Amino acid sequence: MKIDQIYNPTEVEAQWYDFWLENGYFRADANSEKQPYTIVIPPPNVTGSLHMGHALFVTLQDLLIRWKRMDGFEALWLPGTDHAGIATQVMVERELAKEGTNRHELGREAFLKRVWQWKDEHGGQIIDQMKHMGASCDWDRERFTLDEGLSRAVREAFVKLYEDGLIYRAERMVDWDVVGQTVLSDLEVDREEEMGKLWYLRYPLSDGSGHIIVGTTRPETMFGDTAVAVHPDDPRYKDIIGKTVRLPLVNRDIPIIADTVLPDPTKGSGAVKITPAHDPNDFECGIRHGLARIQVIDFHARMNDNVPEEFVGLDRYDARKLVVQRFEELGLLDRIEEKPYTPGRSQRTGAVVEPLPMLQWFVKGEPLAKPAIEAVESGRTEIIPAVWKKTYDHFMYNIRDWCISRQLWWGHQIPAWYCDDCSHITVTRHDPTHCEGCNSANIRRDEDVLDTWFSSALWPFSTLGWPEKTVELDKFYPTQVLETGFDILFFWVARMMMMGMHFMDDVPFEKVFLHAMVRDAEGQKMSKTKGNVIDPLHMIYGAQSQDLDPELHAELLRQYPEGVDAQGADALRFTLAMYAAQGRDIKLDVKRIEGYRAFLNKLWNAARFALMNLQDFDAPSYKTFTETWETSADTPFVLNDLSIADRWILTRLNETIASIQTNLDEFSFNEVAQNLYRFVWNDLCDWYIELIKPALYDNSPEGKATRNAAQATLLYTLEAVLRLMHPITPFITEDIWQSLPRAEDAPKSIMIAPFPTARAELAMIHAHDHMALIIELISSIRAIRGETNVKPGVVIEEVFFVTEDAHKKSAIETGAAYIQRQAKATTLTIVDRETGAKIEGVATAMCDGIEIRIPLKGLINIEEELARLNKEIARVDADIAFVSRKLSNEKFVAKAPAEIINKEREKLANYEAERTTLLASLAELKALEASG
RNA sequence: AGGCACGUAGCUCAGCGGGAGAGCGCUACCCUGACACGGUAGAUGUCGGCGGUUCAAUCCCGCCCGUGCCUACCA
């Protein structure tokens, strides 16, 4: 036997990936006649290394792609990576810092060269790691958001949007990262509540008639105040609207204005200081009232020249302290309150963001959002799970213009040139040498680059060759499924929808499947600081304790001080598929991965068993094992020779196939995995293999036909189940499949074999039901054995079945051999009620209307059996009470559907019959006990 | 503050109008010729709380409590 006794994932997974790659099975052909099925990968950051989030999407997308590829589609899974502006630039800047230099010393060109060099050296890591997961991407089509083709697409998109009037440049409040020295989008700013202070400041009225109190969390911005706003309906301030206050410390007069939007009479003092240059709401208010913007804080969060001398150059927080101190000295500090507030912090650097007005490039939201909303509304694109549609709509209906410029060097430099002579802006597809307005040569290119998500937004068509009209674009766009995390619904999905509709005039994908977030077993987000990181590669290949980082993997080390064993990519994939119930967090428990490795070991051993018993398999049908049996009209077995066990497993297989097909269509990956788990372990291993052992071990000439039928059925079932499982667990299925006997013209790999389909002629319900009854009977007898402590080795000599039902009798007769073996019983006798009652001193059970009577004969302890009977009777009594209560309820009888009522009546009758039988046995046993 | 989820066996989660399910864990027995990463049998739940609709509610509706996420506000 060439297969090891224990499944070794690392060994099994070692060779197949290269085999698939070398044979080109991952490649998709744009010229194929087959219907396309396309998924574009959510491009991971080039700086990234594989984490569980990646592992999840690789699993689900590969599952879909492998399934559809087997199912006859031209399946394209288009891979690539994202240049990840900030992340990558920061990485290289850190390197430079270590060398004692920085990007400014290096200069733009040299710096970019350096980043490219870094990318070429390290950028392949994440791709490499995905291969260890078994990802069947078409690697020949791998793209990078900053490669030549995609850069062209970005340039074209920018210029076109500009020409369409959808891109503009404007001064806007932006969230400035004072450490990262860049503008952040709303989505790059984290907001978490902290304790802060609210200062109430007195601003004296210019005419000396008193003062007005304003509350502020940012006293240092008062130098930039250009108004105080109150609500026109606020009686406290009605009379002073239109007057001016003299701004302390600078002695500048600013008006008290009435505004209906900003001031809330119920909050604070009801009066608000307006600083248009340093607060987004004040900025808007400033526009409403034509107020000047006085910037007082610079890009490094220091006070600039627009403040009194003693404040110039101070950090904003030092300035705050000093302002408060001066106000206090002047008797203008009214009071201080403690108040929770939520500062914006840069996701990258953690610095509190400074809102500042800056000239930025924007993409208009509304006109682009409209078609994208309609596309989802009309069902052209379906969002799964549907709950996310609400979130999508909410974002789209309230969309804000998208700030796309970033003050970085690594990225797509904005194709805009400014003229020093006439201030005309030139935006073109080819780099200009002269100003379009005045033909001057004094033009400068915009220094900024585009937001990384701008290029990502074009991903579904830029990767297929757009703006060229390529065959790929024609064949594979729109894509069928976008599979990604809900956390980037806005960042990415919504923007792809907008760009797809605008540039391609069609949706980028027909379905969006949003998967859950992978968290640790406690539901915490995995993070370095929490030390709860589980590395997919550690799960796949195992990790010794010394390989684990005491900080990063603290949790794992606590659970596994010795390190973790290799579980294999298949077990990890199976686990993630099992966890992928829609709309939930995934709380990953390593124990569960181990559980599914055990499952794969079970499959492994089932295959081992099959191979051990197939060595001389030479049924005539063997020859027809070519393209796979099910697609040919022939069956691989002689139907007449099939046992009821064979028929039962084939019927169960058929049901399983149908169920898996449905669940795959509905993205219910957990159901798919669960169906497989149950079929393989419970049906195939626990029952079928056990049931056919006698047939397989029978080498006599008379047994040949039955044996062949069992061999054929076992092989057929195993082979089908491997193909069913292949999308989830590609390695082990290929490995086993390759060692199965098959004809020369069979496919070379399971991954290009067809996906199983249910076959009507293999749904053999009648035999299936007979076998199902036999299984129930065996279970009942085993239950008696178990509960009365009959040792596993002990054989029961006689078992009587009391039934007068012809079908049941025939089932028992056909299945007698199974019962004898599985329940360890020798003589089985079917008797009528009268005869049955005469057999005294028995252990009794009711099973589907059949009474099982086992004479005690010293093998069953009377006391144990009495205890068991009493338990059974108590159960039946409870059942009877429950059903009678229902049936004696007049309203139930009057209103419930007849079908339900009949069912309840039938149940009651059965319970009562069962009770009678059990009571009789009880009485009998008690008599026996008394007699000694 | 508003919105959206979620609260089911010790743990992780399915189920979502007709008497509660799985895996892991647990208990007892068993190394039976694929597998001890195994087999057979078994125990375990006021299905978060309170009301309502219904003949019938874990499932539908309302309120409350708890958890998480999103959006907004924060003078």
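Below, chains carry the letters A, B, ... as their sequence lines are ordered, and counting in each starts from 1. Quick caveat: nothing in here was measured; it's all calculated off a predicted structure.
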Checking all strands, does A606(A) fall into the base, sugar-phosphate, or nothing category for heavy-atom contacts under 4.0 angstrom?
-> base

Given that W687(A) and K895(A) both sit by RNA chain B, which one's nearest nucleotide is further toward the 5' end?
-> W687(A)

Identify whether any heavy atom of L262(A) sits under 4.0 Å from a base atom; if not, whether one sits that close to sugar-phosphate; answer base, sugar-phosphate or nothing.
-> base

Pick base, sugar-phosphate or nothing for G270(A), based on heavy-atom distances below 4.0 Å to the nucleic acid.
-> base

Across the strands shown, which category fits K907(A) at heavy-atom distances under 4.0 angstrom: base, sugar-phosphate, nothing?
-> base

Taking the same atom, C1', in G19(B) and in C47(B), what whole-Å distance lies between them?
-> 14 Å

For atom OH of Y200(A) and atom C1' of C74(B), their distance in whole Å | 11 Å

Drop me the distance from Q674(A)'s CD to L676(A)'s CG, to the nearest 0.5 angstrom.
-> 10.5 Å

Determine the contact category for Y911(A): base if any of its heavy atoms lies under 4.0 Å from a base atom, sugar-phosphate if only primed atoms, P, OP1 or OP2 are that close, otherwise nothing.
-> base

Any ion pair linking E912(A) and R915(A) (charged N to carboxylate O, less than 4.0 Å)?
-> no

Contact class for R218(A) (heavy atom, under 4.0 Å): base, sugar-phosphate, or nothing?
-> nothing

U44(B) and A20(B), which share atom name P, separated by this distance in whole Å = 15 Å

Taking for R678(A) and for V893(A) the nucleotide of RNA chain B with the nearest heavy atom, the one nearer the 5' end belongs to R678(A)

Within the structure shown, what part of the strands sits under 4.0 Å from Y697(A) by heavy-atom distance: base, sugar-phosphate, or nothing?
-> base

Remember a base hit wins even if backbone is also touched, and classify T216(A) as base, sugar-phosphate or nothing at under 4.0 Å, heavy atoms.
-> sugar-phosphate

Might you list the N or O atoms of the protein lying below 3.5 Å from N or O atoms in nucleotides 35-39 of chain B, with each pair's distance?
from	atom 1	to	atom 2	distance (Å)
C35(B)	OP1	Q5(A)	NE2	3.0
C35(B)	O4'	N605(A)	OD1	2.9
C35(B)	O4'	N605(A)	ND2	3.3
C35(B)	O2'	N601(A)	ND2	3.1
C35(B)	O2	K602(A)	NZ	2.9
C35(B)	N3	K602(A)	NZ	2.8
C37(B)	O2'	N601(A)	ND2	2.9
G38(B)	O3'	K602(A)	NZ	3.0
G39(B)	OP1	K602(A)	NZ	3.1
G39(B)	OP1	W681(A)	NE1	2.6
G39(B)	OP1	D686(A)	OD1	3.4

How would you label the contact of A881(A) with the nucleic acid (heavy atoms, under 4.0 Å): base, sugar-phosphate, or nothing?
-> nothing

Touch check for N613(A), heavy atoms < 4.0 angstrom, all strands: base, sugar-phosphate only, or nothing?
-> nothing

With a 4.0 Å cut-off on heavy atoms, is A610(A) in touch with a base, just the backbone sugar-phosphate, or nothing at all?
-> nothing

Assign V883(A) to base, sugar-phosphate, or nothing according to its heavy-atom contacts below 4.0 angstrom with the strands shown.
-> base

Determine the contact category for I689(A): base if any of its heavy atoms lies under 4.0 Å from a base atom, sugar-phosphate if only primed atoms, P, OP1 or OP2 are that close, otherwise nothing.
-> base

Stretch residues 563-576 of chain A: residues that reach within less than 4.0 Å of RNA chain B through a heavy atom = none

For D234(A) and R236(A), what are the C-alpha separation, side-chain angles and deciding distance, and is it a salt bridge (Lys or Arg N to Asp or Glu O under 4.0 Å)?
-> CA-CA 5 Å; D234(A) 192 332; R236(A) 289 172 293 181; 2.9 Å; yes

Would you indicate what K197(A) reaches in the nucleic acid, counting non-hydrogen atoms under 4.0 angstrom: base, sugar-phosphate, or nothing?
-> nothing

